Amino acid sequence: MAFMKNYLLPILGIFLAYYYYSADEEFRPEMLKGKKVIVTGASMGIGKEIAYHLAKMGAHVVVTARSEEALKKVVSDCLEYGAASAHYIAGTMENITFAEQFVAKAGKIMGGLDMLILNHIAKVTMEPFAGGTYLTRTVMEVNYISYVALSMAAVPMLKQSNGSIVVVSSVAGKMASPLLASYSASKFALDGFFSSLRKEYLMTKINVSVTLCILGLINTDSAMKGISGILKAEASPKEDCALEIIKGGALRQEEVYYGKFLWPSFLLRNPGRGIVEFLSLRKYNVEKFINN
Ligand SMILES: NC(=O)c1ccc[n+]([C@@H]2O[C@H](COP(=O)([O-])OP(=O)(O)OC[C@H]3O[C@@H](n4cnc5c(N)ncnc54)[C@H](OP(=O)(O)O)[C@@H]3O)[C@@H](O)[C@H]2O)c1
Ligand SMILES: *[C@@H]1O[C@H](CO)[C@@H](O)[C@H](O)[C@H]1NC(C)=O
Ligand SMILES: *[C@@H]1O[C@H](CO)[C@@H](O)[C@H](O)[C@H]1NC(C)=O
Ligand SMILES: *[C@@H]1O[C@H](CO)[C@@H](O)[C@H](O)[C@H]1NC(C)=O
């Protein structure tokens, strides 16, 4: 009986909740109309496609990356596609001060923030790990620490707008992936941090959604160059991928899985983890953290 009460009912609850949320409202492009959105790593690849979709939906966008010339082009394209407004601020996410000041400036330009889409990464090379803590640290700073800094700078604005944080990750952030040790570590870190943050917000009633996007291989120039001659896998289109990322954020989904996975994605979703997380949440008392 105790087993039933302690375990079976909660598990049943999870499945009912899952059913309820998966039958949630449908995505409409108008959901983004007039919304104020930041996109990082938007000078090329998936980030650029995200900016273009947002522009076509009539959102305000501020994009960032290091290459100023490429960003200028993205901004002028966005205006042509119908963005409510489009601006860029160039800089490197190796510089955490830049990251923080960037969010403040972007918020000022748009007069607030509804969605923060974190997508940039340090250049990836597929090779056996050969030591080198310097490189590992840089990868951690660009792919993980800057994500934390950008989010913390954005949260005051996102609380005001009931906004969303969207974090772009990878299958390499859910499973072991040889030849990508540092990259994989940085993506696992994002899962640990942002999934914990999501639980905290849930428990302390902060209405900022956190969406983690798990992508398979996508046909961006850098990825295609990076895997050439090393990994045989089918890539999915970056335009479609970018749209799924926006949808997941707009629908406030916890996780988005997109790509041609070698194995069914429900195995990657790790239902066992979901169950133990759900059960352990009941042991916390967070009353004292609510409303401050
Ligand atoms: N493509 C795939 O197969 C694949 C698979 C799984 C997950 N993902 C994820 O999807 C996201 C986008 O991937 P992608 O293939 O589109 O990458 P990408 O085409 O290589 O674009 C990376 C972006 O990050 C920027 N960037 C690089 N270093 C930076 C730095 N130090 N500071 C600030 N910005 C920097 C780049 O611009 P600048 O060089 O101008 O700075 C560029 O805009 C990443 O989070 C990646 O992990 C991709
Ligand atoms: C980091 O960025 C800040 C703000 O943009 C800038 O003032 C500072 O000079 C940068 N630091 C380095 C080492 O480039
Ligand atoms: C945020 O959500 C709360 C609760 O649903 C609502 O009362 C408030 O008006 C919302 N604020 C905005 C800016 O949407
Ligand atoms: C959180 O904000 C969203 C978007 O404004 C709103 O639809 C939802 O009802 C809010 N949820 C709560 C619990 O306030």
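Everything numeric in this text was worked out from a predicted model, so none of it was measured. In each ligand, atom 1 is the first atom listed, and ligand 1 is the first ligand listed.
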Work out whether the distance between some heavy atom of A70 and some atom of ligand 1 is less than 4.0 Å. no
Strictly under 4.0 Å, does any heavy atom of G216 approach an atom of ligand 1? yes
Under 4.0 angstrom from atom 5 (O) of ligand 4, is there any protein heavy atom? yes
Within-shell test, A235 vs ligand 1, heavy atom, strictly < 4.0 Å: no
Does the N or O separation between T97 and ligand 2 drop below 3.5 Å for any pair? no
Kindly identify the option in T64, T92, L231 whose heavy atom sits closest to atom 31 (N) of ligand 1. T92
Considering both backbone and side-chain atoms of M93, is one of its nitrogen or oxygen atoms within less than 3.5 Å of a nitrogen or oxygen in ligand 1? yes
Option of least heavy-atom distance to atom 42 (C) of ligand 1 (set: A65, S43, S67): S43
Please check whether S161 reaches ligand 4 - meaning an N/O of the residue sits under 3.5 Å from an N/O of the ligand, judged on distance alone. no
Counting heavy atoms only, which of K123, R66, M44 comes nearest to atom 30 (C) of ligand 1? R66
Does the residue K187 have a heavy-atom contact with ligand 1, meaning some pair of atoms that are separated by less than 4.0 Å? yes
Has ligand 1 got any nitrogen or oxygen that is less than 3.5 angstrom from a nitrogen or oxygen of N119? yes
Any ion pair linking E277 and R273 (charged N to carboxylate O, less than 4.0 Å)? yes
Ligand 4 contact on K205 by region, counting heavy-atom pairs under 4.0 Å: neither
Supply the atom-to-atom distance M203 CE to R198 CZ, rounded to the nearest 0.5 angstrom. 14.0 Å
Considering only the protein, which heavy-atom contact is closest to atom 10 (C) of ligand 4, and what is its distance? N207 ND2, 2.4 Å
Between E30 and K33, does a salt bridge (charged side-chain N to carboxylate O under 4.0 Å, His left out) hold up when you go through it step by step? CA-CA 5 Å; E30 307 85 70; K33 197 172 163 67; over 6 Å; no
